[in-house]
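Side chains included, hydrogens not; waters and symmetry mates left out as well; all remaining heavy atoms used. Letters A, B, ... are given to chains in the order of the sequence lines, protein chains preceding strands, and every chain is numbered from 1.
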There are 2 protein chains.
Amino acid sequence: MKDDRSTSPLGTRVQLRVQLADDLRARLQEGEWPVGAQLPTEGELASRYGVSRSTVRGALQQLEIHGLTVTRHGVGTFVTPFGRGIKAGLQELQSITDTVAAHGMEPGMQYRSVEFREASQDELDAFAVEGPSRVLAVERAVLADGVVVAFSYDTIPAWRLPTGLDPAAVKGSLFHLLESAGIVSKTAVADIHAARGAHIGWGERPPDQVYLLLEQTHYDASAQPVLRSRTYFIEGRFQFSILRTR
Amino acid sequence: MKDDRSTSPLGTRVQLRVQLADDLRARLQEGEWPVGAQLPTEGELASRYGVSRSTVRGALQQLEIHGLTVTRHGVGTFVTPFGRGIKAGLQELQSITDTVAAHGMEPGMQYRSVEFREASQDELDAFAVEGPSRVLAVERAVLADGVVVAFSYDTIPAWRLPTGLDPAAVKGSLFHLLESAGIVSKTAVADIHAARGAHIGWGERPPDQVYLLLEQTHYDASAQPVLRSRTYFIEGRFQFSILRTR
DNA sequence: GAGTGGTCTAGACCACCCT
DNA sequence: GGGTGGTCTAGACCACTCA
């Protein structure tokens, strides 16, 4: 495997451990090792795939992080019973669109308003700027198979966007808008709340609807804040899971 | 540093990279590197501490996972603005007691009932058993500085507990009860919900109180389910954060 | 081009589990 | 004791960023 390292469609090299992890993942899902079964030992995988043991360990670590396997010191690596069934792992940052798709539904968006306005004090703090500044404020409803599943209030610092951007032209994923401006959201800090109240959302909705609120600040690779979002998910429409470890 | 590897109070060896990470963390918190500053390069840290570069990378990875730093390919490692301020990282599995303590409050428990009973179908599924089985069911209120902050409904498979266990003797952390039975909860899958309703909790509480529900199944090192818990946190009392990455 | 992090290897030795 | 994973090293080479 040393010299035929695969390349992705774009030509970027794919890490050996990722290739190995993908291969093992595929074989797991094909049922080659049922729940509770032991995978080959690290040494065996290393020689079988022609890679070093540390590469094998890197691959197995990925599987373990995603909850597919557990590795027990001095014993071996085993298939967990809970690997499948985690639909939206919250620790993985993905767009709302992707979250909807991960649940097997068709994502959609309904824009309510897109406008530039002065940043609130709250936003100035989040974006770590002083003095008055403008932000692009977006209000949208998120659809899954045509049904509203969330209301989202997002703001982007205006000074990071291309000058002369037409708010009316904004549509689709905000991630894509940011990326077209050369901004990639790499990490986000999310605070989770339960929320309720008439101030949430618009249109037809039960007066006592309960929401799961994800209050997020996104950062680029340089840890600069690029997006602040408050998304109110209608309770029960999605499964939000987290794999917690010690 | 090669031969004076420290030992913890119990005599267990402390990994080099953990020592390094702890040292760097302490220096970060003392303000040696302010937000945005660049840490020494990997090579420099390696020679300064007398360890290999991969050990340094292991330490830096820990810092990055906890959101204290970001490492940028070809540039360096920098202090993030969001490292502090994450009080209860949900991806880290800890007892409720520890969660309360992490918020700087005094934890407490009020037991409402502890009893053995037949497992519900739901529980049979979670514990992956067939046919009727008994569980230990515990209902508690969680206190912080003497105030109720959560209601918790927990069940433990009876066949994993010492025979002849007296329910009346159960108190304090369930984690400790499990550990005294030789069971260590190592990972948990948590589903997050927003909840509301009169069926939640007991005693004095507003009729329309909103709760953040953490529905968890805990597993031991062998991925065997050992504890199922539904904890209703009163909204607003705690900050639950998640660091999300791509 | 100089400097930084990213990946991978080969090998040594340690710690844990089981019989 | 034999087998398995856990940690660490030294070094090679690649990929990215920035002046």
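When the side-chain nitrogen and oxygen atoms of B:Thr71 are compared with OP1 and OP2 of C:dG6, none of them lie within a distance under 4.0 Å. A close approach under 4.0 Å does not occur between any side-chain nitrogen or oxygen of B:Arg72 and OP1 or OP2 of D:dT17.
B:Arg57 comes within 4.0 angstrom of a nucleotide base, judged by non-hydrogen atoms across all strands.
Checking C:dT4, C:dG6, D:dC8 against the side-chain heavy atoms of B:Glu42 singles out C:dG6 as nearest.
B:Gln38 has its CD atom 11 Å from the P atom of D:dC18, to the nearest Å. In this entry the distance linking CG of A:Leu20 with P of C:dC8 reads 10 Å, nearest Å. Residue B:His73 contributes atom NE2, which lies 12 Å from atom C1' of D:dC13 at whole-angstrom precision. Distance, B:Glu44 CD to C:dA2 C1': 16 Å, rounded to whole Å. Atom CG of B:Leu45 is separated from atom P of D:dT9 by 13 Å (rounded to the nearest Å). With rounding to whole Å, A:Leu16 atom CG is found 11 Å from C:dA10 atom P.
Residue B:Thr69 holds its OG1 atom at 4.5 Å from CG of B:Leu63, rounded to the nearest 0.5 Å.
Here the side chains of A:Thr245 and B:Lys186 are not in contact, with every heavy-atom distance at 4.5 Å or above.
Along DNA chain C, the nucleotide nearest to B:Pro40 and the one nearest to A:Gly74 differ in position, and the one closer to the 5' end is contacted by B:Pro40. Each of B:Ser54 and B:Gly43 lies near DNA chain C, and the nucleotide nearest B:Gly43 is the one positioned closer to the 5' end.
For B:Asp98, there are no salt bridge (Lys or Arg N to Asp or Glu O under 4.0 Å) partners two or more places apart in sequence or in a different chain.
For A:Arg53 against D:dG6, a side-chain N or O and a base N or O form a donor-acceptor pair under 3.5 Å.
Annotation: cation-pi pair B:Arg72/B:Phe78 present, NZ/CZ under 6.0 Å from the ring centroid and within 45° of its normal.
At a threshold of 4.0 Å, the pair A:Arg230-A:Asp154 does not count as salt-bridged, since none of the basic side-chain nitrogens sits closer than that to a carboxylate oxygen. By the 4.0 Å N-to-carboxylate-O rule, A:Asp220 lies close enough to A:Arg160 to be salt-bridged with it.
A heavy-atom distance below 4.0 Å to DNA chain C is reached by none of the residues of residues 59-67 of chain A.
Closest approach of B:Val135 to B:Pro157, counting heavy atoms only: CG1-CA, 4.2 Å.
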